[in-house]
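Please read the structure below before turning to the comments.
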Amino acid sequence: LQKLIHLLQATEDPLIQEQALITLGNSAAFSVNQDIIRNLDGLSIIGGMLSDCAPEVKEKALNALNNLSINIKNQEEIQAYITQVCRSVESAPLNSDLQLAALRLLTNMSVTSDYHHKMINSIPCFLRLLSEGIEKTQIQVLKVLVNLSANPDMARHLLRAQV
């Protein structure tokens, strides 16, 4: 895991970055690896890949963070990227793998109400995706909206959103 994280930092090659991110994401299926990746500063390194201009790299970084976000301690660090992830949902091509990866991460990050306030500005986008997206996009958006709606503090924002 340490070598993969160092590889991410050392290379500019998007194909190598993608493969390293896929492997890190798959490794995150095991809870012990989630802690190791966090302790090796892997979350901030993977999070830094969200700024990469290659959509495929961004998508793989989102998938890795999604797998890592199951861990509460990891969520505390990943929450720093929520606004950027919301922007990815808004700017990604409609129904793209990139958009779906961002929505999956937001679904995990919205399971508890701790970070709902960071998603408020994206509610109109979520509602627009309900009408414009295909079924798999709609389902993923609904998961985020259901999680947000479980928080009474979000009711006003959900009901007042302009679409």
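Numbers here are sequence positions counted from 1.
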Query raised in the report: Are Ser110 and Asn147 close enough that a side-chain donor and a side-chain acceptor fall under 3.5 Å?
Result: yes

Query raised in the report: Going by distance alone, is a donor N or O of one side chain under 3.5 Å from an acceptor N or O of the other, for Ser44 and Asp41?
Result: yes

Query raised in the report: Which atom names give the shortest non-hydrogen contact between Leu68 and Ala28, and what distance separates them?
Result: CD2-CB, 3.5 Å

Query raised in the report: What heavy-atom pair brings Gly133 and Gln138 nearest, and what distance separates the two atoms?
Result: O-NE2, 3.2 Å

Query raised in the report: Is there a path from Val111 to Ile139 through hydrophobic residues (I, L, V, M, F, W, Y) whose side chains come within less than 4.5 Å of each other?
Result: no

Requested in this report: Supply the atom-to-atom distance Glu18 CD to Glu59 CD, rounded to the nearest 0.5 angstrom.
Outcome: 8.0 Å

Report task. Find out if a path of hydrophobic residues (ILVMFWY) with successive side-chain heavy-atom gaps under 4.5 Å connects Ile72 to Val85. Result -> no

Query raised in the report: Any side-chain heavy atom of Asn63 within less than 4.5 Å of one from Arg104?
Result: yes

Query raised in the report: Do Leu62 and Ile70 belong together in a cluster built from hydrophobic side chains that touch within less than 4.5 Å?
Result: no

Query raised in the report: Between Met49 and Lys58, is any pair of side-chain heavy atoms under 4.5 Å apart?
Result: no

**Report entry** Contact check, side chains of Cys125 and Val89, non-hydrogen atoms, under 4.5 Å
**Finding:** yes

Requested in this report: Provide the closest heavy-atom pair for Pro152 versus Ala150 in the form atom of the first, atom of the second, distance.
Outcome: CD-O, 3.4 Å

Query raised in the report: Under 6.0 Å from the CD atom of Gln162, do we count more than 12 heavy atoms belonging to anything else shown?
Result: no

Requested in this report: Show the numbers, then the answer: is there a side chain to side chain contact (heavy atoms under 4.5 Å, CB included) between Ser69 and Asn66?
Outcome: CA-CA 5 Å; Ser69 71; Asn66 182 47; 4.0 Å; yes

**Report entry** Rounded distance [0.5 Å steps], CD1 in Ile46 versus CD in Gln17
**Finding:** 12.0 Å

Query raised in the report: Given the rule in the side chain to side chain contact (heavy atoms under 4.5 Å, CB included) test, do Leu50 and Ser88 qualify, once you have shown the distances and angles that lead to the verdict?
Result: CA-CA 9 Å; Leu50 297 178; Ser88 292; 5.8 Å; no

Query raised in the report: Does any non-hydrogen side-chain atom of Leu103 lie less than 4.5 Å from one of Phe126?
Result: yes

Query raised in the report: Does a donor on one side chain sit under 3.5 Å from an acceptor on the other, for Gln84 and Ser51?
Result: yes

Query raised in the report: Are Leu142 and Leu159 joined in one hydrophobic group, where the rule is that I, L, V, M, F, W and Y side chains link up if heavy atoms are under 4.5 Å apart?
Result: no

Query - Heavy-atom closest pair, residues Ile37 and Leu24 - result: CD1-O, 3.9 Å

**Report entry** Any Glu56 side-chain heavy atom under 4.5 Å of Pro14 side chain
**Finding:** no

Query - CG/Asn121: more than 12 non-hydrogen atoms of other groups inside 6.0 Å - result: no

Query raised in the report: To the nearest 0.5 Å, how far apart are CD1 in Ile78 and OH in Tyr115?
Result: 9.0 Å

Query raised in the report: When you measure from the side chain of Asn33 to the backbone N and O of Ser27, does any donor-acceptor pair fall under 3.5 Å?
Result: yes

**Report entry** Contact check, side chains of Thr112 and Gln75, non-hydrogen atoms, under 4.5 Å
**Finding:** yes

Query raised in the report: When rounded to the nearest 0.5 angstrom, what distance separates CG in Leu130 from CG in Leu145?
Result: 5.5 Å

Query raised in the report: If we only count heavy atoms from C-beta on, is the Gln99 to Leu129 side-chain gap below 4.5 Å?
Result: yes

Query raised in the report: Could you go step by step and tell me if Asp114 and Gln79 meet the side chain to side chain contact (heavy atoms under 4.5 Å, CB included) rule?
Result: CA-CA 9 Å; Asp114 296 343; Gln79 61 90 20; over 6 Å; no

Query raised in the report: Rest of the hydrophobic cluster containing Ile16 (Ile/Leu/Val/Met/Phe/Trp/Tyr, side-chain heavy atoms under 4.5 Å)?
Result: Leu7

**Report entry** Closest non-hydrogen atom pair, Leu21 against Ala64
**Finding:** O-CB, 3.8 Å

Query raised in the report: Distance from Leu106 atom CG to Lys143 atom NZ, nearest 0.5 Å?
Result: 13.0 Å

Query raised in the report: Stepwise, does the side chain to side chain contact (heavy atoms under 4.5 Å, CB included) test hold for Met154 with Ile123?
Result: CA-CA 10 Å; Met154 293 300 291; Ile123 291 173; 3.8 Å; yes

Query raised in the report: Does the side chain of Asn74 pick up a donor-acceptor pair with the side chain of Arg38 at under 3.5 Å?
Result: yes

Requested in this report: Look up atom OG1 in Thr107 and atom CG in Leu148, then write down how far apart they are to the nearest 0.5 Å.
Outcome: 9.0 Å

Query raised in the report: Taking Asn67 for the side chain and Gly25 for the main chain, is one N or O donor matched with an acceptor at less than 3.5 Å?
Result: yes

Query raised in the report: So, for Ile134 and Asn95, which heavy atoms are closest and what is the spacing to 0.1 Å?
Result: N-OD1, 2.9 Å

Report task. Flag yes if Val146 and Met109 sit in one hydrophobic cluster, no otherwise; membership is Ile, Leu, Val, Met, Phe, Trp, Tyr, and two members link when side-chain heavy atoms are under 4.5 Å apart. Result -> no

Query raised in the report: Crowded around Glu132 CD? As in, over 12 foreign heavy atoms under 6.0 Å?
Result: yes

